[in-house]
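To keep things clear, I will list the structure first and then write my remarks on it.
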Amino acid sequence: MVTIADVARAAGVSPSTVSYVLSGKRAISDATRLRVQRSIRRLGYRPNAGARALAGKRTNVLALVAPLRADQNVPVVMRFVGATAARARDHDHDVLLLTADEGAEGLHRVAASALADALIVMDVEAGEPRVPVLRSLERPSVLIGVPDDVRDLTCVDLDFVAAGADCLAHLADLGHRRVALIGPSPAVYRRGTSYAGRFRRGFEQAAARRGVRAAVLACPPTYEGLRACLDGLPAGVTGLVVHNEAVLGPLLSELERRGARVPGDVSVLAVCPPDLAEAHAVPLTSVDIPADELGALAVDLAVRQLDGLGAPEVRLLPPRLTARGSTGPAT
DNA sequence: TAGAGATCTGGACGTGAAAT
DNA sequence: ATTTCACGTCCAGATCTCTA
(Lines give C-alpha, C1' and ligand atoms only; values in the text may rest on other atoms or scores of the structure.)
Protein backbone atom coordinates (compact mmCIF):
# COMPACT_ATOMS: atom_id res chain seq x y z
CA MET A 1 0.00 0.00 0.00
CA VAL A 2 1.34 3.42 -0.93
CA THR A 3 1.14 5.86 1.97
CA ILE A 4 1.53 9.59 2.33
CA ALA A 5 5.01 8.94 3.71
CA ASP A 6 6.00 7.19 0.47
CA VAL A 7 4.81 10.17 -1.55
CA ALA A 8 6.57 12.59 0.79
CA ARG A 9 9.84 10.64 0.50
CA ALA A 10 9.61 10.50 -3.26
CA ALA A 11 8.93 14.24 -3.47
CA GLY A 12 11.51 15.19 -0.83
CA VAL A 13 9.01 16.89 1.50
CA SER A 14 7.21 16.07 4.75
CA PRO A 15 3.88 14.21 4.90
CA SER A 16 2.20 17.45 6.02
CA THR A 17 3.21 19.15 2.82
CA VAL A 18 1.72 16.33 0.77
CA SER A 19 -1.47 16.69 2.77
CA TYR A 20 -1.62 20.42 2.08
CA VAL A 21 -1.00 19.87 -1.61
CA LEU A 22 -3.96 17.47 -1.63
CA SER A 23 -6.32 19.70 0.34
CA GLY A 24 -5.20 23.04 -1.04
CA LYS A 25 -5.72 24.51 2.43
CA ARG A 26 -2.30 26.15 2.54
CA ALA A 27 -0.11 27.93 0.07
CA ILE A 28 2.52 25.61 -1.38
CA SER A 29 5.12 26.79 -3.90
CA ASP A 30 4.47 25.78 -7.49
CA ALA A 31 7.69 23.79 -7.70
CA THR A 32 6.89 21.75 -4.56
CA ARG A 33 3.26 21.26 -5.56
CA LEU A 34 4.19 19.92 -9.01
CA ARG A 35 6.81 17.60 -7.51
CA VAL A 36 4.28 16.22 -5.02
CA GLN A 37 1.59 15.82 -7.68
CA ARG A 38 3.99 13.95 -9.93
CA SER A 39 4.88 11.57 -7.08
CA ILE A 40 1.21 10.99 -6.29
CA ARG A 41 0.52 10.10 -9.92
CA ARG A 42 3.62 7.97 -10.32
CA LEU A 43 2.98 5.95 -7.14
CA GLY A 44 -0.81 5.79 -7.57
CA TYR A 45 -1.39 7.11 -4.07
CA ARG A 46 -4.92 7.20 -2.55
CA PRO A 47 -5.42 8.55 0.99
CA ASN A 48 -6.54 6.03 3.60
CA ALA A 49 -10.06 6.99 4.70
CA GLY A 50 -9.61 5.64 8.22
CA ALA A 51 -6.46 7.58 8.86
CA ARG A 52 -8.03 10.64 7.32
CA ALA A 53 -11.01 10.39 9.69
CA LEU A 54 -8.70 9.94 12.66
CA ALA A 55 -6.57 12.93 11.88
CA GLY A 56 -9.17 15.30 10.57
CA LYS A 57 -11.94 14.48 13.05
CA ARG A 58 -14.08 14.27 9.94
CA THR A 59 -15.20 11.09 8.20
CA ASN A 60 -16.60 12.82 5.11
CA VAL A 61 -19.59 10.55 5.62
CA LEU A 62 -23.20 11.67 6.13
CA ALA A 63 -25.52 9.27 7.89
CA LEU A 64 -28.93 9.01 6.24
CA VAL A 65 -31.44 7.58 8.69
CA ALA A 66 -34.27 6.19 6.56
CA PRO A 67 -36.11 3.42 8.42
CA LEU A 68 -37.73 1.08 5.91
CA ARG A 69 -41.12 0.02 7.18
CA ALA A 70 -43.64 -2.29 5.58
CA ASP A 71 -46.11 0.58 5.17
CA GLN A 72 -43.67 2.80 3.31
CA ASN A 73 -43.22 3.16 -0.42
CA VAL A 74 -39.65 1.97 -0.81
CA PRO A 75 -39.11 3.29 -4.37
CA VAL A 76 -39.95 6.82 -3.21
CA VAL A 77 -37.66 6.50 -0.19
CA MET A 78 -34.93 5.30 -2.55
CA ARG A 79 -35.29 8.45 -4.63
CA PHE A 80 -34.39 10.44 -1.54
CA VAL A 81 -31.48 8.09 -0.91
CA GLY A 82 -30.20 8.46 -4.47
CA ALA A 83 -30.51 12.24 -4.43
CA THR A 84 -28.75 12.46 -1.08
CA ALA A 85 -25.90 10.21 -2.16
CA ALA A 86 -25.42 12.11 -5.43
CA ARG A 87 -25.29 15.51 -3.74
CA ALA A 88 -23.03 14.18 -1.01
CA ARG A 89 -20.50 13.18 -3.70
CA ASP A 90 -20.61 16.76 -5.00
CA HIS A 91 -19.41 17.78 -1.54
CA ASP A 92 -16.76 15.01 -1.43
CA HIS A 93 -18.84 13.02 1.06
CA ASP A 94 -20.31 9.53 1.04
CA VAL A 95 -23.57 8.35 2.59
CA LEU A 96 -24.01 5.78 5.32
CA LEU A 97 -27.52 4.40 4.92
CA LEU A 98 -29.29 3.29 8.11
CA THR A 99 -32.53 1.50 7.32
CA ALA A 100 -33.16 -0.20 10.65
CA ASP A 101 -35.68 1.46 12.93
CA GLU A 102 -33.25 2.05 15.80
CA GLY A 103 -34.90 5.21 17.14
CA ALA A 104 -32.90 7.54 19.36
CA GLU A 105 -30.41 4.81 20.22
CA GLY A 106 -29.34 4.58 16.59
CA LEU A 107 -28.68 8.32 16.46
CA HIS A 108 -26.59 8.07 19.62
CA ARG A 109 -24.64 5.14 18.22
CA VAL A 110 -23.75 6.90 14.98
CA ALA A 111 -22.90 10.22 16.60
CA ALA A 112 -20.95 8.88 19.57
CA SER A 113 -18.85 6.47 17.53
CA ALA A 114 -18.02 9.13 14.94
CA LEU A 115 -19.36 6.94 12.14
CA ALA A 116 -20.52 10.07 10.35
CA ASP A 117 -20.02 13.83 10.49
CA ALA A 118 -23.71 14.74 10.31
CA LEU A 119 -27.09 13.06 10.26
CA ILE A 120 -29.96 13.42 7.84
CA VAL A 121 -33.13 12.00 9.32
CA MET A 122 -36.18 10.86 7.38
CA ASP A 123 -39.59 9.54 8.42
CA VAL A 124 -40.20 12.37 10.85
CA GLU A 125 -43.19 12.28 13.17
CA ALA A 126 -45.15 15.29 14.46
CA GLY A 127 -44.21 14.53 18.06
CA GLU A 128 -40.85 13.19 16.93
CA PRO A 129 -39.31 11.24 19.84
CA ARG A 130 -35.80 11.57 18.38
CA VAL A 131 -35.83 15.38 18.55
CA PRO A 132 -34.41 15.72 22.10
CA VAL A 133 -31.54 13.44 21.11
CA LEU A 134 -30.87 15.37 17.92
CA ARG A 135 -30.70 18.57 19.94
CA SER A 136 -28.23 17.04 22.37
CA LEU A 137 -25.86 15.61 19.75
CA GLU A 138 -22.63 17.40 19.08
CA ARG A 139 -23.09 16.72 15.37
CA PRO A 140 -25.20 18.66 12.88
CA SER A 141 -28.47 17.14 11.74
CA VAL A 142 -31.08 17.89 9.12
CA LEU A 143 -34.58 16.50 9.19
CA ILE A 144 -36.43 15.71 5.99
CA GLY A 145 -39.81 16.39 7.54
CA VAL A 146 -41.12 18.88 10.07
CA PRO A 147 -42.00 17.95 13.65
CA ASP A 148 -44.33 20.15 15.71
CA ASP A 149 -41.49 21.56 17.78
CA VAL A 150 -38.76 22.81 15.45
CA ARG A 151 -36.75 24.80 17.98
CA ASP A 152 -32.99 24.63 17.18
CA LEU A 153 -33.62 22.20 14.33
CA THR A 154 -32.90 22.36 10.62
CA CYS A 155 -35.75 20.89 8.60
CA VAL A 156 -36.51 20.63 4.90
CA ASP A 157 -39.65 19.37 3.28
CA LEU A 158 -42.32 20.00 0.74
CA ASP A 159 -44.94 22.40 2.10
CA PHE A 160 -47.44 19.60 2.54
CA VAL A 161 -50.09 21.88 4.07
CA ALA A 162 -50.02 24.00 0.92
CA ALA A 163 -49.88 20.86 -1.22
CA GLY A 164 -53.05 19.50 0.38
CA ALA A 165 -54.75 22.84 -0.10
CA ASP A 166 -53.63 23.09 -3.75
CA CYS A 167 -54.99 19.63 -4.55
CA LEU A 168 -58.35 20.50 -3.04
CA ALA A 169 -58.41 23.86 -4.82
CA HIS A 170 -57.61 22.23 -8.18
CA LEU A 171 -60.59 19.91 -7.87
CA ALA A 172 -62.85 22.63 -6.45
CA ASP A 173 -61.94 24.91 -9.37
CA LEU A 174 -63.07 22.14 -11.73
CA GLY A 175 -66.43 22.07 -9.98
CA HIS A 176 -65.99 19.00 -7.77
CA ARG A 177 -68.13 19.32 -4.65
CA ARG A 178 -67.54 15.87 -3.15
CA VAL A 179 -63.98 14.63 -3.00
CA ALA A 180 -61.89 12.15 -1.06
CA LEU A 181 -58.28 11.86 0.03
CA ILE A 182 -56.90 8.37 -0.30
CA GLY A 183 -54.06 8.67 2.14
CA PRO A 184 -51.22 6.49 3.37
CA SER A 185 -51.82 3.37 5.40
CA PRO A 186 -53.52 3.68 8.82
CA ALA A 187 -50.20 2.96 10.57
CA VAL A 188 -48.65 6.07 8.98
CA TYR A 189 -51.42 8.27 10.39
CA ARG A 190 -51.28 6.46 13.73
CA ARG A 191 -47.55 7.14 14.05
CA GLY A 192 -48.29 10.82 13.47
CA THR A 193 -45.98 10.90 10.45
CA SER A 194 -45.37 14.55 9.79
CA TYR A 195 -45.98 14.77 6.03
CA ALA A 196 -49.21 12.76 6.13
CA GLY A 197 -50.77 14.83 8.89
CA ARG A 198 -49.81 18.14 7.32
CA PHE A 199 -51.12 17.18 3.89
CA ARG A 200 -54.38 16.04 5.40
CA ARG A 201 -54.71 19.24 7.41
CA GLY A 202 -54.16 21.44 4.35
CA PHE A 203 -56.66 19.38 2.38
CA GLU A 204 -59.37 19.49 5.05
CA GLN A 205 -58.90 23.17 5.86
CA ALA A 206 -59.14 24.10 2.18
CA ALA A 207 -62.26 21.94 1.83
CA ALA A 208 -63.88 23.78 4.73
CA ARG A 209 -62.98 27.15 3.18
CA ARG A 210 -64.33 26.15 -0.23
CA GLY A 211 -67.46 24.42 1.05
CA VAL A 212 -66.39 21.10 -0.49
CA ARG A 213 -67.36 17.86 1.23
CA ALA A 214 -64.14 15.97 1.78
CA ALA A 215 -63.60 12.47 3.12
CA VAL A 216 -60.24 11.05 4.22
CA LEU A 217 -59.50 7.34 3.97
CA ALA A 218 -56.31 5.70 5.21
CA CYS A 219 -55.41 3.07 2.63
CA PRO A 220 -53.21 0.03 3.28
CA PRO A 221 -50.76 -0.47 0.39
CA THR A 222 -52.44 -3.64 -0.90
CA TYR A 223 -54.98 -4.37 -3.60
CA GLU A 224 -57.45 -5.58 -0.98
CA GLY A 225 -56.92 -2.47 1.12
CA LEU A 226 -57.51 -0.29 -1.90
CA ARG A 227 -60.74 -2.09 -2.84
CA ALA A 228 -62.00 -1.68 0.73
CA CYS A 229 -61.15 2.02 0.51
CA LEU A 230 -63.08 2.47 -2.74
CA ASP A 231 -66.02 0.53 -1.29
CA GLY A 232 -65.96 2.91 1.67
CA LEU A 233 -66.11 6.09 -0.42
CA PRO A 234 -69.10 8.31 0.33
CA ALA A 235 -71.71 8.41 -2.47
CA GLY A 236 -71.27 11.07 -5.11
CA VAL A 237 -67.50 11.49 -4.87
CA THR A 238 -66.17 12.74 -8.21
CA GLY A 239 -62.61 13.65 -7.30
CA LEU A 240 -59.86 11.60 -5.68
CA VAL A 241 -56.57 12.85 -4.29
CA VAL A 242 -54.15 9.99 -3.84
CA HIS A 243 -51.36 10.52 -1.32
CA ASN A 244 -50.15 6.93 -1.47
CA GLU A 245 -47.84 6.10 -4.40
CA ALA A 246 -48.08 2.35 -3.91
CA VAL A 247 -51.78 2.19 -4.74
CA LEU A 248 -51.76 4.47 -7.79
CA GLY A 249 -51.47 1.63 -10.30
CA PRO A 250 -53.97 -0.63 -8.54
CA LEU A 251 -56.37 2.30 -8.18
CA LEU A 252 -56.43 2.98 -11.91
CA SER A 253 -56.89 -0.74 -12.66
CA GLU A 254 -59.69 -1.06 -10.16
CA LEU A 255 -61.49 2.06 -11.39
CA GLU A 256 -61.34 0.64 -14.93
CA ARG A 257 -62.61 -2.71 -13.70
CA ARG A 258 -65.55 -0.93 -12.07
CA GLY A 259 -66.30 0.92 -15.29
CA ALA A 260 -65.35 4.35 -13.92
CA ARG A 261 -63.60 6.45 -16.60
CA VAL A 262 -60.75 8.82 -15.66
CA PRO A 263 -61.36 11.72 -15.81
CA GLY A 264 -64.88 11.37 -17.30
CA ASP A 265 -66.48 9.81 -14.21
CA VAL A 266 -63.84 10.48 -11.60
CA SER A 267 -60.86 12.82 -11.50
CA VAL A 268 -57.64 11.50 -9.98
CA LEU A 269 -54.92 13.75 -8.61
CA ALA A 270 -51.74 12.13 -7.31
CA VAL A 271 -49.02 13.25 -4.93
CA CYS A 272 -45.89 11.59 -6.31
CA PRO A 273 -42.68 12.12 -8.26
CA PRO A 274 -43.42 13.39 -11.80
CA ASP A 275 -42.12 10.35 -13.68
CA LEU A 276 -44.42 8.13 -11.67
CA ALA A 277 -47.34 10.39 -12.60
CA GLU A 278 -46.49 10.08 -16.29
CA ALA A 279 -46.13 6.30 -16.24
CA HIS A 280 -49.84 5.53 -16.69
CA ALA A 281 -52.14 5.19 -19.70
CA VAL A 282 -53.79 8.38 -18.53
CA PRO A 283 -50.97 10.66 -17.34
CA LEU A 284 -51.85 11.80 -13.84
CA THR A 285 -52.32 15.36 -12.73
CA SER A 286 -49.96 15.54 -9.79
CA VAL A 287 -48.30 17.52 -7.10
CA ASP A 288 -44.63 16.64 -7.32
CA ILE A 289 -42.76 15.09 -4.46
CA PRO A 290 -39.42 16.82 -5.16
CA ALA A 291 -37.25 14.03 -3.78
CA ASP A 292 -34.17 15.10 -5.75
CA GLU A 293 -34.46 18.69 -4.63
CA LEU A 294 -35.13 17.82 -0.99
CA GLY A 295 -32.33 15.29 -0.77
CA ALA A 296 -29.87 17.75 -2.29
CA LEU A 297 -31.06 20.57 -0.05
CA ALA A 298 -30.71 18.43 3.07
CA VAL A 299 -27.12 17.63 2.13
CA ASP A 300 -26.33 21.28 1.35
CA LEU A 301 -27.65 22.39 4.74
CA ALA A 302 -25.80 19.61 6.58
CA VAL A 303 -22.51 20.53 4.89
CA ARG A 304 -23.09 24.22 5.64
CA GLN A 305 -23.46 23.37 9.31
CA LEU A 306 -20.30 21.28 9.19
CA ASP A 307 -18.49 24.30 7.79
CA GLY A 308 -19.73 26.34 10.73
CA LEU A 309 -22.20 28.27 8.62
CA GLY A 310 -25.96 28.29 8.68
CA ALA A 311 -28.30 28.62 11.65
CA PRO A 312 -31.25 26.30 12.36
CA GLU A 313 -34.01 26.90 9.85
CA VAL A 314 -37.11 25.32 8.36
CA ARG A 315 -37.09 25.29 4.57
CA LEU A 316 -40.42 24.38 2.94
CA LEU A 317 -40.51 24.02 -0.84
CA PRO A 318 -43.67 25.36 -2.46
CA PRO A 319 -45.81 22.66 -4.12
CA ARG A 320 -45.88 22.38 -7.90
CA LEU A 321 -49.12 21.09 -9.36
CA THR A 322 -48.93 19.87 -12.95
CA ALA A 323 -52.24 19.33 -14.74
CA ARG A 324 -52.12 16.27 -16.99
CA GLY A 325 -54.93 14.13 -18.28
CA SER A 326 -56.46 12.64 -15.16
CA THR A 327 -58.48 15.58 -13.87
CA GLY A 328 -61.38 17.27 -15.59
CA PRO A 329 -64.62 19.11 -14.91
CA ALA A 330 -67.06 17.48 -12.49
CA THR A 331 -69.96 15.79 -14.24
C1' DT B 1 21.07 42.37 8.31
C1' DA B 2 16.54 42.84 10.34
C1' DG B 3 11.87 42.12 9.65
C1' DA B 4 7.97 40.38 7.26
C1' DG B 5 5.79 37.14 4.80
C1' DA B 6 5.87 32.66 2.60
C1' DT B 7 6.64 27.99 3.03
C1' DC B 8 7.38 23.81 5.32
C1' DT B 9 7.72 20.45 9.41
C1' DG B 10 6.80 17.84 13.92
C1' DG B 11 3.65 15.88 16.90
C1' DA B 12 -0.80 14.47 18.58
C1' DC B 13 -4.94 12.23 17.67
C1' DG B 14 -7.62 6.52 18.23
C1' DT B 15 -7.41 1.90 17.69
C1' DG B 16 -5.77 -2.61 16.81
C1' DA B 17 -1.99 -5.49 15.32
C1' DA B 18 2.68 -6.60 15.79
C1' DA B 19 6.84 -6.43 18.26
C1' DT B 20 9.29 -6.60 22.48
C1' DA C 1 1.99 -7.41 29.85
C1' DT C 2 3.63 -3.49 27.79
C1' DT C 3 5.29 -0.78 24.06
C1' DT C 4 5.58 0.53 19.35
C1' DC C 5 3.81 1.39 15.01
C1' DA C 6 0.64 2.58 11.24
C1' DC C 7 -2.46 5.77 8.93
C1' DG C 8 -3.54 11.49 7.26
C1' DT C 9 -4.69 16.02 8.95
C1' DC C 10 -4.08 20.29 11.23
C1' DC C 11 -2.14 23.50 14.60
C1' DA C 12 1.79 25.75 16.32
C1' DG C 13 6.11 26.81 15.45
C1' DA C 14 10.47 26.54 12.69
C1' DT C 15 12.87 27.74 8.63
C1' DC C 16 13.48 29.90 4.29
C1' DT C 17 13.27 33.86 1.05
C1' DC C 18 12.74 38.41 -0.26
C1' DT C 19 13.00 43.39 0.37
C1' DA C 20 14.57 47.63 2.21
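Chain identifiers are assigned alphabetically (A, B, ...) following the order of the sequence lines, protein sequences preceding nucleic acid strands; residue numbering begins at 1 within each chain.
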Anything under 3.5 Å between a donor and an acceptor, one on a side chain of residues 228-241 of chain A, the other on a protein residue two or more places apart or in another chain? List them.
unit_1	atom_1	unit_2	atom_2	d
D231(A)	OD1	R258(A)	NH1	3.0
D231(A)	OD1	R258(A)	NH2	2.9
T238(A)	OG1	H176(A)	ND1	2.7

Could you tell me whether L54(A) contacts a base, only the sugar-phosphate backbone, or nothing, with contacts defined as non-hydrogen atoms closer than 4.0 Å? base
Could you check which residues of [range] get a heavy atom under 4.0 Å from DNA chain C? Sort them by number, please.
range: residues 7-17 of chain A; value: S16(A)
range: residues 20-27 of chain A; value: Y20(A), K25(A), R26(A)
range: residues 29-40 of chain A; value: none

Taking DNA chain B as the partner, which of residues 44-53 of chain A come within under 4.0 angstrom of it by heavy atom? none
Any side-chain donor paired with an acceptor under 3.5 Å for S16(A) and S19(A)? no
With heavy atoms of chain A within less than 4.0 Å as the criterion, where does contact along DNA chain B begin and end? dT7(B) to dG14(B)
So with a 6.0 Å cut-off around CZ of R213(A), is the heavy-atom count from everything else above 12? no
Just wondering, more than 12 heavy atoms not from E278(A) lying within 6.0 Å of its CD? yes
Restricting to non-hydrogen atoms, name the atom on [X] and the atom on [Y] that form the minimum distance, rounded to 0.1 Å.
X: S326(A); Y: V262(A); result: O-CG1, 3.6 Å
X: L306(A); Y: P140(A); result: CD2-CG, 3.7 Å
X: L181(A); Y: Y189(A); result: CD2-OH, 3.9 Å

So what is the end-to-end bend of the helix from dT1(B)-dA20(C) to dT20(B)-dA1(C), with 5 pairs used at each end and the value given to 10 degrees? 60°
Applying side-chain hydrogen bond (donor to acceptor under 3.5 Å, both in side chains), can you list everything that pairs with R79(A), at least two apart in sequence or on another chain? D275(A)
Residue list, side-chain hydrogen bond (donor to acceptor under 3.5 Å, both in side chains) with Y223(A), at least two apart or on another chain: E254(A)
Residues forming a ring pair (Phe, Tyr, Trp, His ring centres under 6.0 Å) with F203(A), sequence neighbours excluded: none
Donor-acceptor contacts under 3.5 Å from residues 286-298 of chain A side chains, at least two apart:
unit_1	atom_1	unit_2	atom_2	d
S286(A)	OG	R324(A)	NH1	2.8
E293(A)	OE1	R320(A)	NH1	3.3
E293(A)	OE1	R320(A)	NH2	3.3

First and last nt of DNA chain C near chain A, cut-off under 4.0 Å to heavy atoms, 5' to 3', are dC7(C) to dG13(C)
